Amino acid sequence: MIELTHDPIDYTQLTERVRSDQAGAVVLFLGTVREMTGSRQTLALDYDAYPEMALAQMQRLVEDIQQRWPVTGVAISHRLGHLELGDISVAAAVSSPHRAQAFEAGRFLIDELKVRVPIWKKENWADGSTEWVHPGVPSTAPAEQE
Amino acid sequence: MIELTHDPIDYTQLTERVRSDQAGAVVLFLGTVREMTGSRQTLALDYDAYPEMALAQMQRLVEDIQQRWPVTGVAISHRLGHLELGDISVAAAVSSPHRAQAFEAGRFLIDELKVRVPIWKKENWADGSTEWVHPGVPSTAPAEQE
Amino acid sequence: MNVTVRLFARARELAGQSEVCVNVPEGLTVAELRHRLGQTCPELKSLLPHLMFAVDNEYVSEARCLGPTVEVAAFPPVSGG
Amino acid sequence: MNVTVRLFARARELAGQSEVCVNVPEGLTVAELRHRLGQTCPELKSLLPHLMFAVDNEYVSEARCLGPTVEVAAFPPVSGG
């Protein structure tokens, strides 16, 4: 199961999807909206995506994982839109016969998702400014901020 | 939160306990009853514990994790008694500011739990025999099985 | 031929629109499209070297010839998760 | 003095009881208790070298003197999770 959603993520349902009598281990990862980044304070995040490509890239990622590890199930849900502090932005669940596989595949999944799936977040800082987050690209000057 | 329980584990409640505005990552591990171990088929597992010591050792494990990683929350629930295929035997949740910490701490938690917390499982094999699992100890001869 | 370039995130914000139409010769490479996009849309100048390009939901390299492609996506590095 | 040894898992099953009472001199080491437990409870013979001992919810080493301890736990390697 792979989805993009504007609604709150039901990670229990996601986890149930990957459970299996053939699995001895399930690893669930949740990304949540953190308040502090260094000394900067976040009020909220806005997530946007290129939806068709994001879904296609997540599907490719699942296939890559299935080739590398003997996973029993994989599921990913990424939320879009306006998220408040503590909200879940992404949930990813992996099940496998043994725990090492589930941890490795789960870590790979979220690491790769963060570099290849076209989804972007915009910071809503406590000082009132907003800023698209683009790793490796210098921050926008204040004049460029909306 | 640390518990031993004879009831089905509510991993959603456990996960909610560790969520925090200060955490950007949550890793939940579930151990579930797997049917096949090599070519041997499991029908069910019975878990038993030395409860006072198991709780004390889980508490020590949580403290060890809090010293090693900047975790925001840690919770462990281990089930005891008779478990059917697919049932959850253990749930462990860790939250932290960044995901590397949550994955490392979660992996450490379950690896250490499996070697130091006094809980034991008994296999109920499909051939009708039962067998306590004690890593490093030779299997019981059939005459020793109950 | 005309190529529609779909823009996302800060690229869309800087350009002030979600897609721009760029007139290019057929068989253009991605590297050349990047250059032409900067001419068509000078607001993207600061971001231009950082943009990633995709065709049919797949990332494409600088040397890739676009052929008869009519739609391309351009966006700065992703930050989901 | 008498030490109560609580048994778990296969140790309890082999002994046919959840605790055994072992008469020992005060100041006995864990290594010596292991030996005496085998004498008191010969059914544990095959498991004896694998048993782990704990006092007050903590694992204890072979060289540990039991002092006035009156309760010890003995069990084979754990397999929770």
Side-chain angles (χ1 to χ4, degrees), chain A residues 4 9 29-34 37 45-61 76-80 83 88-92 106-107 109-123 130-141 143-146, chain C residues 3-22 30-31 33-35 37-81:
Chain A
L4 298 172
I9 292 174
F29 175 82
L30 302 179
T32 58
V33 180
R34 190 185 59 236
T37 297
L45 293 177
D46 290 287
Y47 280 88
D48 197 10
Y50 176 11
E52 310 94 287
M53 183 172 169
L55 289 167
Q57 290 291 322
M58 288 195 282
Q59 181 59 44
R60 279 274 293 274
L61 182 49
I76 314 173
S77 178
H78 202 299
R79 192 165 166 198
L80 301 177
L83 275 71
I88 297 170
S89 54
V90 63
R107 179 72 196 269
L109 192 164
I110 190 66
D111 284 354
E112 287 292 307
L113 182 144
K114 281 171 170 276
V115 294
R116 57 161 121 155
V117 176
I119 298 174
W120 304 269
K121 67 179 169 212
K122 186 163 66 173
E123 286 278 3
T130 64
E131 182 181 22
W132 284 105
V133 179
H134 296 309
V137 181
S139 285
T140 45
E144 290 181 354
Q145 291 177 352
E146 70 175 9
Chain C
V3 170
T4 300
V5 181
R6 295 180 64 179
L7 302 173
F8 295 93
R10 199 192 297 173
R12 180 165 60 199
E13 196 168 291
L14 288 177
Q17 49 197 325
S18 62
E19 52 184 59
V20 296
C21 188
V22 185
V30 169
L33 176 65
R34 184 189 301 272
H35 180 69
L37 178 62
Q39 294 178 320
T40 306
C41 205
E43 304 87 348
L44 291 176
K45 184 163 180 276
S46 66
L47 205 53
L48 210 59
H50 302 287
L51 290 181
M52 306 164 86
F53 289 82
V55 174
D56 290 339
N57 298 335
E58 294 293 341
Y59 290 97
V60 289
S61 66
E62 288 297 286
R64 165 80 169 268
C65 287
L66 291 172
T69 301
V70 291
E71 185 177 288
V72 175
F75 47 80
V78 306
S79 55

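This is a predicted model, so every value here is computed, not measured.
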Peer 1: Sort out for me which of A/P118, A/G136, A/G31 touches chain C most, counting heavy-atom pairs under 4.5 Å.
Peer 2: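 Greatest number of close heavy-atom pairs with chain C: A/P118.
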
Peer 1: For A/E112, which residues count as a salt bridge (Lys or Arg N to Asp or Glu O under 4.0 Å) partner, sequence neighbours excluded?
Peer 2: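 Residues passing salt bridge (Lys or Arg N to Asp or Glu O under 4.0 Å) with A/E112: A/R116.
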
Peer 1: Tell me, side chain or backbone of A/E52 under 4.5 Å from chain C's heavy atoms, or both, or neither?
Peer 2: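 Looking at A/E52, backbone and side chain both touch chain C.
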
Peer 1: Under a 4.5 Å heavy-atom cut-off, does chain C meet the side chain of A/V117, its backbone, both or neither?
Peer 2: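 When you check distances to chain C, only backbone atoms of A/V117 fall under 4.5 Å.
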
Peer 1: Which word best sums up how the rings of C/F8 and A/Y50 line up, parallel for under 30°, tilted for 30 to 60°, or perpendicular for over 60°?
Peer 2: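 Parallel, since the angle between the ring planes stays under 30°.
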
Peer 1: Report the distance from atom CZ of C/F75 to atom CG of A/D48, rounding to the nearest 0.5 Å.
Peer 2: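 So the CZ of C/F75 and the CG of A/D48 are separated by 12.0 Å.
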
Peer 1: Please state whether the side chain, the backbone, both or neither of A/A54 comes within less than 4.5 Å of a heavy atom of chain C.
Peer 2: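 Nothing of A/A54, per the 4.5 Å heavy-atom cut-off to chain C.
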
Peer 1: Could you tell me the separation between the CG atom of A/L45 and the CZ atom of A/R34, rounded to the nearest 0.5 Å?
Peer 2: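 Those atoms lie 9.5 Å apart.
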
Peer 1: Heavy-atom distances under 4.5 Å only: say whether A/V137 touches chain C with side chain, backbone, both or neither.
Peer 2: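 Contact with chain C: backbone and side chain both.
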
Peer 1: What part of C/E43 is in contact with chain A, defined as an atom under 4.5 angstrom from a non-hydrogen atom: side chain, backbone, both or neither?
Peer 2: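 For C/E43, no heavy atom lies under 4.5 Å from chain A.
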
Peer 1: Only counting residues at least two apart or in another chain, list the ones meeting side-chain contact (heavy atoms from CB on, under 4.5 Å) with C/D56.
Peer 2: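 side-chain contact (heavy atoms from CB on, under 4.5 Å) check on C/D56 returns nothing, list empty.
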
